[in-house]
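See below for the structure under consideration.
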Number of protein chains: 2
Amino acid sequence: MKLTSKGRYAVMALVDLARFDNINPVSLRDISLRQGISLDYLEQIFSKLRKKEIVQSVRGTQGGYVLNRKAKDIKLTNIFDAVDEKVKTVQCKKESKKGCNGKSTKCLTHNLWDELENHINNFFKEKSLEDLVKDNSERRL
Amino acid sequence: MKLTSKGRYAVMALVDLARFDNINPVSLRDISLRQGISLDYLEQIFSKLRKKEIVQSVRGTQGGYVLNRKAKDIKLTNIFDAVDEKVKTVQCKKESKKGCNGKSTKCLTHNLWDELENHINNFFKEKSLEDLVKDNSERRL
DNA sequence: TATAAACCTGACTAAAATAGTCAAGTATCA
DNA sequence: TGATACTTGACTATTTTAGTCAGGTTTATA
Ligand code: FES
Ligand code: FES
């Protein structure tokens, strides 16, 4: 089980953005330089974040991105959802009554993986961008 | 983030094994048929489980595998560890003081991913094979 | 009004990981 | 002595990841 770079970068970039997002939009170029993430890759990521209304874009010179809601109202779940970083513990379709290997019933461990998925998702539902920014400035003291 | 088939199969197979493991060893062929997992793949998996002393093998006709410890003493952690299904939320080396993209310090989100990793691993540390077998027979009532 | 900064879009690709298969054994029971 | 079942190691197709690349459009400001 591993977290992909896309998901990790999305959160990293948003924490960076949230810290500098006062009045002026923050450019991807700045984030790219500060966080060491490829600019082209960031553009892919922010395109998705924008479509899911997590950030707003400001075009033109001096443009950049701004948070579209308050940091405390942006949960990790929202971010991961936006960039398609989803937790997947099973192969079988959840809706379907069929099991993993085309079997007619759910397998012996299906319930376990469901629990696991919930366990992980709960973590993502609780953490907000605000928490992360705070965590970070506290550590700095 | 997703769980690989190898990890899922390992647990599936062991739950199956634990249920039938009374006096006689259980053959991979039986597990393969019951669970719909390729025999060759199961062999790879059990080879690892044996090396980590989670199961014992009995060669020859009527041979198969037997649990090497009590079901309640086999945790998910042990199983995943044996088959190299590890939780990895970061790229950076944990021991090193360096950050993800070759930076000299840990990044803004490093601490978060550490928390996440622990959160997930805690789940694995708690669940034992016995729990899974019980869960399953209860559901059957 | 020209120019540069910054967003925007879609296609492309190298490398890694996954999910197996395949082949050729060895051990043991009946 | 045959059948069953474990043992080992190499091999491979497919998918996913982690980007790159090329070519735009928009807008502030000098
Ligand atoms: S995991 Fe859903 S049926 Fe096996
Ligand atoms: S995750 Fe460890 S430094 Fe970024």
Side-chain angles (χ1 to χ4, degrees), chain A residues 1-13 17 20 23-33 35-52 54-66 68 80 83-91 100-102, chain B residues 1-10 12-13 17 20 24-33 35-52 54-66 68 80 83-91 100-102:
Chain A
M1 298 205 83
K2 61 168 174 268
L3 188 71
T4 65
S5 290
K6 186 154 61 176
R8 205 175 328 104
Y9 287 168
V11 177
M12 246 195 236
L17 175 56
F20 289 90
I23 307 143
N24 299 319
V26 180
S27 75
L28 292 189
R29 191 163 164 283
D30 286 353
I31 297 180
S32 164
L33 289 173
Q35 305 304 327
I37 304 169
S38 133
L39 179 58
D40 282 317
Y41 205 14
L42 275 179
E43 270 165 359
Q44 273 185 48
I45 292 170
F46 273 76
S47 153
K48 295 186 178 201
L49 293 173
R50 187 173 57 81
K51 279 175 193 150
K52 288 294 172 77
I54 290 175
V55 294
Q56 267 191 339
S57 66
V58 180
R59 301 189 73 151
T61 318
Q62 307 289 33
Y65 286 91
V66 191
N68 198 29
F80 282 161
V83 299
D84 309 305
E85 171 84 34
K86 37 187 168 262
V87 178
K88 241 194 127 197
T89 56
V90 296
Q91 282 293 344
C100 2
N101 296 319
Chain B
M1 300 204 81
K2 61 169 174 269
L3 188 71
T4 65
S5 290
K6 186 156 61 177
R8 203 174 329 105
Y9 288 168
M12 245 195 237
L17 174 57
F20 289 89
N24 299 320
V26 180
S27 75
L28 292 190
R29 192 165 163 282
D30 286 352
I31 297 181
S32 164
L33 290 174
Q35 305 304 326
I37 304 170
S38 132
L39 180 57
D40 281 318
Y41 204 15
L42 276 178
E43 270 162 0
Q44 271 186 47
I45 293 170
F46 273 76
S47 153
K48 295 187 177 198
L49 293 173
R50 187 173 57 83
K51 277 175 193 150
K52 287 294 171 78
I54 291 175
V55 295
Q56 266 192 339
S57 65
V58 180
R59 303 189 72 153
T61 318
Q62 307 289 33
Y65 286 91
V66 191
N68 198 30
F80 281 161
V83 299
D84 309 305
E85 170 85 33
K86 36 185 168 263
V87 179
K88 242 195 125 195
T89 56
V90 296
Q91 283 292 343
C100 359
N101 297 317

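Letters A, B, ... are given to chains in the order of the sequence lines, protein chains preceding strands, and every chain is numbered from 1.
Mapping A/Ser57 and B/Gly60 onto DNA chain C via the closest heavy atom, the residue that lands nearer the 5' end is A/Ser57. Comparing A/Leu3 and B/Ser27, the nucleotide of DNA chain D nearest to each residue sits closer to the 5' end for B/Ser27. Residue whose closest nucleotide on DNA chain D sits further toward the 5' end, between B/Asp40 and B/Gln91: B/Asp40.
Closest contact between the side chain of B/Tyr9 and the listed nucleotides D/dT17, C/dG20, C/dC7 involves C/dG20. Relative to the side chain of A/Tyr41, the nucleotides C/dG20, D/dA18, C/dC29 differ in distance, and D/dA18 lies closest.
Under 3.5 Å, the side chain of B/Arg59 and the base of C/dT26 form at least one donor-acceptor pair of N or O atoms. Contact of A/Gln44 with D/dT20 (side chain to base): a donor-acceptor pair of N or O atoms is detected under 3.5 Å.
Counting only heavy atoms from C-beta outward, the side chains of B/Asp84 and B/Lys48 approach each other to under 4.5 Å. At least one side-chain heavy atom of A/Tyr65 sits less than 4.5 Å from a side-chain heavy atom of A/Ser57.
Remark: of the listed residues A/Asp40, A/Ile37, A/Leu39, A/Leu39 is the sole one forming a side-chain contact (heavy atoms from CB on, under 4.5 Å) with A/Ser32.
Between A/Arg50 and C/dT9, a side-chain N or O to OP1/OP2 separation shorter than 4.0 Å is present. Of the side-chain N and O atoms in A/Ser5, one or more sit less than 4.0 angstrom from OP1 or OP2 of D/dA18. Between B/Ser38 and C/dA19 there is no side-chain N or O to OP1 or OP2 distance below 4.0 Å.
Atom CG in B/Leu33 sits about 10 Å away from atom P in D/dA5, given to the nearest Å. Between A/Gln56 atom CD and C/dC7 atom C1' there is a gap of 14 Å when expressed in whole angstrom units. In this entry the distance linking CE of A/Met1 with C1' of C/dT18 reads 15 Å, nearest Å. For the pair B/Met12 CE and C/dG20 P, the computed distance is 11 Å after rounding to whole Å. Atoms CG (B/Asp84) and P (C/dT18) sit 10 Å apart, rounded to a whole Å. Distance NZ (B/Lys48) to C1' (D/dC6): 17 Å, rounded to an integer number of Å. Residue A/Lys88 contributes atom NZ, which lies 8 Å from atom P of D/dT16 at whole-angstrom precision. Taking atom CD on A/Glu43 and atom C1' on D/dG24, their separation rounds to 12 Å, with Å as the unit.
Below 30°, between 30° and 60°, or above 60°: for B/Tyr9 and B/Tyr41 the angle between ring planes is above 60°, a perpendicular geometry.
Contact annotation for B/Tyr65: backbone-only contact, meaning every heavy-atom pair under 4.0 Å involves sugar-phosphate atoms and none involves a base.
B/Arg8 places a side-chain N or O within donor-acceptor distance of the main-chain N or O of A/Thr89, the cut-off being under 3.5 Å.
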